[in-house]
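Structure, as structure tokens:
Numbers here simply count residues along the sequence, with the first being 1.
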Amino acid sequence: MADNTTNKLQLNVKSVSHRFGRRRVLSDVSFRCETGDAICVTGHNGSGKSTLLRILSGLLVPTGGDVELIKGGTKLGKSERRRALRLVSPEISLYESLTGFENIELVTKLSGVEVSQSEMESALEEVGLEGRGDDMFGAYSSGMKQRLKIATAMITEPAVLLLDEPTANLDDAGRERIYHIMHDFQVRGILIFATNEKQEVRFGGQVVGLD
């Protein structure tokens, strides 16, 4: 919780820059947040929103700057930081040939988290996929795939949740479910999401605009 100094998190993004070859995507991005904060990353297509989230998650090493995750006053190492964060992105998919339940089981095992059948069912119910856990992921609609990725991320109980276009391909009911999850998560962790949707920017107490 936010008032627990032992578990309180602080994320420091210090002058992060990135290039793909000669093309500069990010230039000197800095911000700071802690448990209970929500950061909204905005910017035109190609401004580096997805790249920034991949850097924060540890999937991409920046060409300049640094990212620190501090827990209870102690800076976490790279492996600890990666375990504490979870990224949901259009670029990251699950396995088409596995069922919803099997995908959840695989991700949680790789994360070192044990979950029960009832916990998986509850996770699917929270995103509106109750009764669809035995269906193949490849048979899901694009909106269902997005909701399963979010359920899979949430069940690992991350300390920092990174969402890239969190309501992409969702209908109104699906969006409201995800907004509820985002609101609840912010209370206990750090929420960072990339979007250009005006109705989603309201979740960000701090807005990081990329050129």
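- Under a hydrophobic-cluster definition in which Ile, Leu, Val, Met, Phe, Trp and Tyr are linked whenever side-chain heavy atoms come within less than 4.5 Å, directly or via other members, I70 and V16 are assigned to different clusters.
- Considering only heavy atoms from C-beta on, E157 stays 4.5 Å or farther from V113 through its side chain.
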For this session: Determine, stepwise, if the pair L124 / I104 fulfils side-chain contact (heavy atoms from CB on, under 4.5 Å).
Result: CA-CA 10 Å; L124 292 185; I104 293 176; 3.9 Å; yes
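- Among residue pairs with one or both ends in residues 81-93, those qualifying as side chain to side chain donor-acceptor pair (under 3.5 Å) are R86-S111, R86-T156; sequence neighbours excluded.
- Closest non-hydrogen pair, E165 versus P90, comes out as OE1-CG, 4.3 Å.
- The number of heavy atoms from other shown groups lying within 6.0 Å of CZ (R19) is above 12.
- With values rounded to the nearest 0.5 angstrom, D135 atom CG is found 9.5 Å from F101 atom CZ.
- Formation of a donor-acceptor pair under 3.5 Å by the K49 side chain with backbone atoms of G43 is found in this model.
- Checking side-chain atoms of S30 against main-chain N and O of S15 turns up a donor-acceptor pair under 3.5 Å.
- Panel note: side chain Y140, backbone R147; no donor-acceptor pair is recorded below 3.5 Å.
- Closest approach of S47 and L26 over heavy atoms only: O-CD2, 3.9 Å.
- One N or O on the side chain of T35 and one on the backbone of L9 form a donor-acceptor pair closer than 3.5 Å.
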For this session: Assess whether side-chain contact (heavy atoms from CB on, under 4.5 Å) is satisfied between N103 and Y95, documenting all intermediate values.
Result: CA-CA 7 Å; N103 268 296; Y95 290 92; 3.6 Å; yes
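- More than 12 heavy atoms of other residues, nucleotides or ligands shown are found within 6.0 angstrom of CD on Q199.
- Hydrophobic clustering (side-chain heavy atoms under 4.5 Å, transitive across Ile, Leu, Val, Met, Phe, Trp, Tyr) groups F20 together with L52.
- Between the side chain of D184 and the backbone N or O of I181, no donor-acceptor pair lies under 3.5 Å.
- Follow the hydrophobic side-chain contacts under 4.5 Å out from V201 and you never reach V88; the two are in separate clusters.
- The CE atom of M120 lies 4.0 Å from the CD atom of Q117; values are rounded to the nearest 0.5 Å.
- Of the possible polar contacts, one joining the K149 side chain to the I92 backbone as a donor-acceptor pair under 3.5 Å is found.
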Exercise. Can you check side-chain contact (heavy atoms from CB on, under 4.5 Å) on L69 and L56, steps first, answer last?
Worked result: CA-CA 9 Å; L69 184 60; L56 298 181; over 6 Å; no
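- Surrounding NE2 of H44 are more than 12 heavy atoms belonging to other residues, nucleotides or ligands, all under 6.0 Å away.
- Salt-bridge formation is detected for the pair K145/E96: a Lys NZ or Arg NE/NH1/NH2 atom is positioned less than 4.0 Å from an Asp or Glu carboxylate oxygen.
- For A194 against D164, the heavy-atom pair with the smallest separation is CB-OD1, 3.8 Å.
- Of the options R32, K14, Q10, a side chain to side chain donor-acceptor pair (under 3.5 Å) to E68 is made by K14 and by none of the others.
- More than 12 heavy-atom neighbours from other residues, nucleotides or ligands sit within 6.0 angstrom of CG on D66.
- Proximity of a side-chain donor or acceptor of T63 to a complementary backbone N or O of S17 within less than 3.5 Å is detected.
- The minimum heavy-atom distance linking G100 with L148 is given by the pair CA-CD2, 3.8 Å.
- Residues T167 and E197 have side chains that never bring a donor and an acceptor to within less than 3.5 angstrom of each other.
- Within the 3.5 Å criterion, the main-chain N or O of E130 finds no donor-acceptor partner in the side chain of E121.
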For this session: Please lay out, stage by stage, how L163 and T195 fare under the test side-chain contact (heavy atoms from CB on, under 4.5 Å).
Result: CA-CA 9 Å; L163 301 176; T195 185; over 6 Å; no
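- The CG atom of L162 sits 11.5 Å away from the OG atom of S50 when rounded to the nearest 0.5 Å.
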